[in-house]
**Q** 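Below is one structure. I have some questions about it.
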Protein chains: 4
Amino acid sequence: MARPLSEEKRNAILASAADAVASLGVSASTAKIAKDAGIAEGTLFVYFPTKDDLINELYLALKADMKAAVATGYPETANVKERCEHLWNRSIDWGARNPAKRKAMRQLSVSDKVTAASRKAGMAVFQDIQSMLDEGFASGILRRQPQGMLAATTDVLTDMTLEFIYREPDKLEIYRRSGFEAYWGAISNK
Amino acid sequence: MARPLSEEKRNAILASAADAVASLGVSASTAKIAKDAGIAEGTLFVYFPTKDDLINELYLALKADMKAAVATGYPETANVKERCEHLWNRSIDWGARNPAKRKAMRQLSVSDKVTAASRKAGMAVFQDIQSMLDEGFASGILRRQPQGMLAATTDVLTDMTLEFIYREPDKLEIYRRSGFEAYWGAISNK
Amino acid sequence: MARPLSEEKRNAILASAADAVASLGVSASTAKIAKDAGIAEGTLFVYFPTKDDLINELYLALKADMKAAVATGYPETANVKERCEHLWNRSIDWGARNPAKRKAMRQLSVSDKVTAASRKAGMAVFQDIQSMLDEGFASGILRRQPQGMLAATTDVLTDMTLEFIYREPDKLEIYRRSGFEAYWGAISNK
Amino acid sequence: MARPLSEEKRNAILASAADAVASLGVSASTAKIAKDAGIAEGTLFVYFPTKDDLINELYLALKADMKAAVATGYPETANVKERCEHLWNRSIDWGARNPAKRKAMRQLSVSDKVTAASRKAGMAVFQDIQSMLDEGFASGILRRQPQGMLAATTDVLTDMTLEFIYREPDKLEIYRRSGFEAYWGAISNK
DNA sequence: TATGAATGAGTTTTCATTCAT
DNA sequence: AATGAATGAAAACTCATTCAT
């Protein structure tokens with residue numbers, strides 16, 4: 001090995017891909033992604049053998065990114081509702097700060113380029129969240145739901161809320177709060 | 001008139017487009033859509049001058065289709081919760097019976113080919129639903145939310161629920177019920 | 001024969017074709033030509049079996065139109081130079097009044113859709129002009145030239161002069177005069 | 001640089017385009033141009049981003065080619081008529097040797113794909129010729145004409161003369177001479 | 001490893017012509 | 001005779017991928 005792959009370039013490609021996918025969908029061209037990443041067209045394929053590989057790796061990278069942001073500062077000792085609110089606010093704030101990443105994730109979610117395997121791996125993020133809340137189920141505060149539905153509810157309601165925030169950024173607080181009320185109503189027992 | 005435009009062909013194109021968009025996204029080719037509709041490539045453009053027109057008309061047709069299914073048999077005299085449950089069940093049943101249409105709608109929702117005007121027109125469907133529930137707001141049963149959020153919540157939670165149903169069709173009842181609980185919790189006051 | 005072909009429609013098609021060819025070249029679509037003529041797409045082919053036929057008939061019609069305009073009022077008894085000047089001025093005036101027709105003729109002149117037969121037939125116009133001037137050759141006032149060159153010279157110099165006039169219509173007089181001086185110099189003996 | 005753009009390929013495309021435009025007009029397909037140039041269809045667009053760009057660059061290349069041929073060996077010290085004759089003969093000889101290029105130029109001249117900017121740049125060729133003859137105006141040998149008319153006259157009369165030469169190549173001398181007489185008559189004072 | 005020219009299959013759209021009405 | 005829907009073969013252009021440098 002003369003030179004190892006540059007982590008920096010790899011990240012530049014992923015960042016550029018996120019922007020491109022956010023604004024153009026998964027049909028964003030590799031040429032554009034490469035150019036915006038500051039590398040040559042061919043170099044992209046040194047790091048990702050096919051476009052599909054790039055798409056899937058982007059999906060995982062975004063999920064991981066979000067997870068890191070959401071899990072930080074998790075208040076392990078607070079009560080269930082407060083912990084849920086922490087997770088909600090973190091998710092919204094991450095999405096509000098990273099609109100391109102969120103929009104890219106939405107595009108990837110509906111694309112058939114993202115394999116079942118990637119989806120499964122990506123799901124782990126919210127499974128982690130769910131397990132954070134196991135105590136909530138035990139205590140009867142959270143409503144029992146089929147496997148995966150809590151995570152999915154979290155996903156779609158944050159997404160929906162963010163859509164409103166993107167349209168009216170200065171009402172962030174209002175939407176975040178109203179969204180949380182819907183969220184808490186959706187997942188808790190009366 | 002030499003030959004009138006055939007309503008039948010127009011519908012065949014829209015149906016074919018729905019299937020194609022459901023499985024391939026909006027990048028589904030007009031050639032495939034035409035072929036599956038049983039017409040020549042050029043004929044598609046007799047009915048829809050551009051692909052973008054087709055995409056937008058498809059969006060509106062799907063919304064209208066869904067609305068028709070959902071509004072049928074609406075129990076005007078029942079109480080608010082029952083009326084909501086009626087709407088919920090209708091939506092889920094429509095989606096369960098028309099997976100391609102639902103999937104197509106998801107693809108269209110994230111596509112920038114669908115114009116703001118089409119989105120606005122499409123929104124009317126859920127606005128109608130919301131207005132059906134106005135009494136619910138007046139009586140304090142439904143939680144007050146920013147304009148549009150109730151409709152959006154309905155949309156994303158039915159979508160999410162259907163995703164589970166598509167994966168396990170024989171658990172339709174379970175998911176529909178659990179979904180409604182989340183939905184009712186999300187929109188009602190405690 | 002139920003109804004005979006309508007001369008009026010035929011002329012409308014030719015007029016529309018002239019305009020279309022003038023502005024778009026011979027690649028102007030038959031659909032546009034038909035529409036601007038106020039008839040249906042298919043009707044055009046009732047009058048002209050193929051587009052090539054239309055193109056060639058248009059060429060001949062334009063030549064005939066021009067010839068009619070140029071020959072009117074020819075001063076048979078005037079001297080050679082005066083007769084030439086009459087022809088020149090008529091040509092220029094016709095072109096100035098009918099820019100679309102002139103431009104269409106230019107487009108047709110370079111198109112390979114116009115057959116050699118049409119060209120030959122079209123040439124007759126200027127051959128007639130040339131024969132009007134036979135006396136000029138006999139008397140030695142006009143320079144002897146190879147067959148056809150006088151006609152061709154007339155054609156290209158009027159065309160060139162008109163190009164200037166189209167750009168600056170209010171200098172018509174100046175260009176017409178200067179053009180004639182060049183023309184007379186080109187065809188007469190010193 | 002991976003591989004530099006090949007000047008050779010660029011020239012092959014321009015040469016192929018000249019041939020295609022000469023015989024088929026500006027509607028000659030990029031597919032044919034590419035094929036005849038010995039490259040893939042897509043490669044053409046590596047060298048010329050759009051067909052319009054190719055058309056305009058071809059126009060300029062042809063003008064430059066002609067200018068080079070015409071200006072070579074210009075007899076600066078000869079008298080005005082001899083210098084004009086030199087220019088005339090050079091022009092005719094270039095056109096006789098390069099019929100495709102000349103025909104392509106005629107097609108381009110009437111095409112609206114050639115922009116005003118290209119035309120202006122192309123005009124410089126004949127403006128140069130005109131300025132070579134400035135002394136001719138000063139001395140009163142050449143007739144005073146509106147700006148641009150001398151250049152245009154040169155253009156259309158060479159074109160016309162070449163048309164005859166293409167039809168009867170073995171009479172080149174005769175047509176060139178007769179053409180020059182017309183030309184000299186057109187531009188000089190009696 | 002990095003580059004970007006080269007490729008050809010695939011994309012949307014146009015169009016002369018046909019033919020059922 | 002008149003109509004305009006239907007056709008499918010181009011047309012210009014894009015793009016993921018390969019490979020010579």
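Just so we're clear, the structure is a prediction, and the values are computed from it rather than from any experiment.
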**Q** Could you give the CG-to-C1' distance, from D/L5 to E/dT7, as a whole number of Å?
**A** 15 Å
**Q** Quick check on DNA chain E: between D/S6 and C/A28, whose nearest nucleotide comes earlier from the 5' end?
**A** D/S6
**Q** Going by an N to O cut-off under 4.0 Å, is there a salt bridge joining A/E41 and A/K35?
**A** no
**Q** Across the strands shown, which category fits D/S27 at heavy-atom distances under 4.0 angstrom: base, sugar-phosphate, nothing?
**A** nothing
**Q** List the atom of B/K113, the atom of B/D52, and the distance in Å for their closest heavy-atom pair.
**A** CD-OD1, 3.2 Å
**Q** Consider the side chain of D/K51, meaning its heavy atoms from C-beta on, and name the nucleotide among F/dC13, E/dA16, E/dA20 that approaches it most closely.
**A** F/dC13
**Q** Starting at CD of D/E7 and ending at P of E/dA6, how long is that distance when rounded to a whole Å?
**A** 12 Å
**Q** If each of B/S29 and D/G38 is mapped to the nucleotide of DNA chain E with the nearest heavy atom, which maps nearer the 5' terminus, i.e. the 5' end?
**A** D/G38
**Q** Does C/T30 place a side-chain N or O at less than 4.0 Å from the phosphate oxygens OP1/OP2 of E/dC15?
**A** no
**Q** May I ask you to verify if any side-chain N or O of D/K9 is less than 4.0 angstrom from the OP1 or OP2 atom of E/dA5?
**A** no
**Q** Go ahead and name the base partner of E/dT14; Watson-Crick or wobble counts if both distances stay under 3.5 Å, otherwise write none.
**A** F/dA9
**Q** Should B/R102 and B/D155 count as an ion pair when the cut-off is N to O under 4.0 Å?
**A** yes
**Q** Looking only at side-chain N and O atoms, does A/T50 offer a donor or acceptor that is under 3.5 Å from a partner on A/D53?
**A** yes
**Q** Of the options F/dA12, F/dA5, E/dT3, whose atoms approach the side-chain atoms of B/V46 most closely?
**A** F/dA5
**Q** When the distance from CD of C/E41 to C1' of E/dT14 is rounded to whole Å, what number comes out?
**A** 11 Å
**Q** Any side-chain N or O of B/T43 below 4.0 angstrom from OP1/OP2 of F/dT7?
**A** yes
**Q** In whole angstroms, how far is the P atom of F/dT17 from the NZ atom of A/K32?
**A** 19 Å
**Q** Using atom CG of D/L44 as one end and atom P of F/dA12 as the other, report the distance to the nearest whole Å.
**A** 9 Å
**Q** Does B/R10 pair with B/E57 as a salt bridge, N-O distance under 4.0 Å?
**A** yes
**Q** On DNA chain F, compare the nucleotides closest to B/A40 and A/G42; which residue's is nearer the 5' end?
**A** B/A40
**Q** Rounding to a whole Å, what distance do you find between A/F45:CZ and F/dT17:P?
**A** 5 Å
**Q** Are A/Y47 and E/dA2 close enough that a side-chain N or O sits under 4.0 Å from OP1 or OP2?
**A** yes
**Q** What's the CZ-P distance between C/R10 and F/dA1, to the nearest Å?
**A** 14 Å
**Q** Report the base-pairing partner of F/dA20 (Watson-Crick or G-U wobble, both distances below 3.5 angstrom), or none.
**A** E/dT3
**Q** Rounded to whole angstroms, how far apart are NZ on A/K35 and C1' on F/dA16?
**A** 18 Å
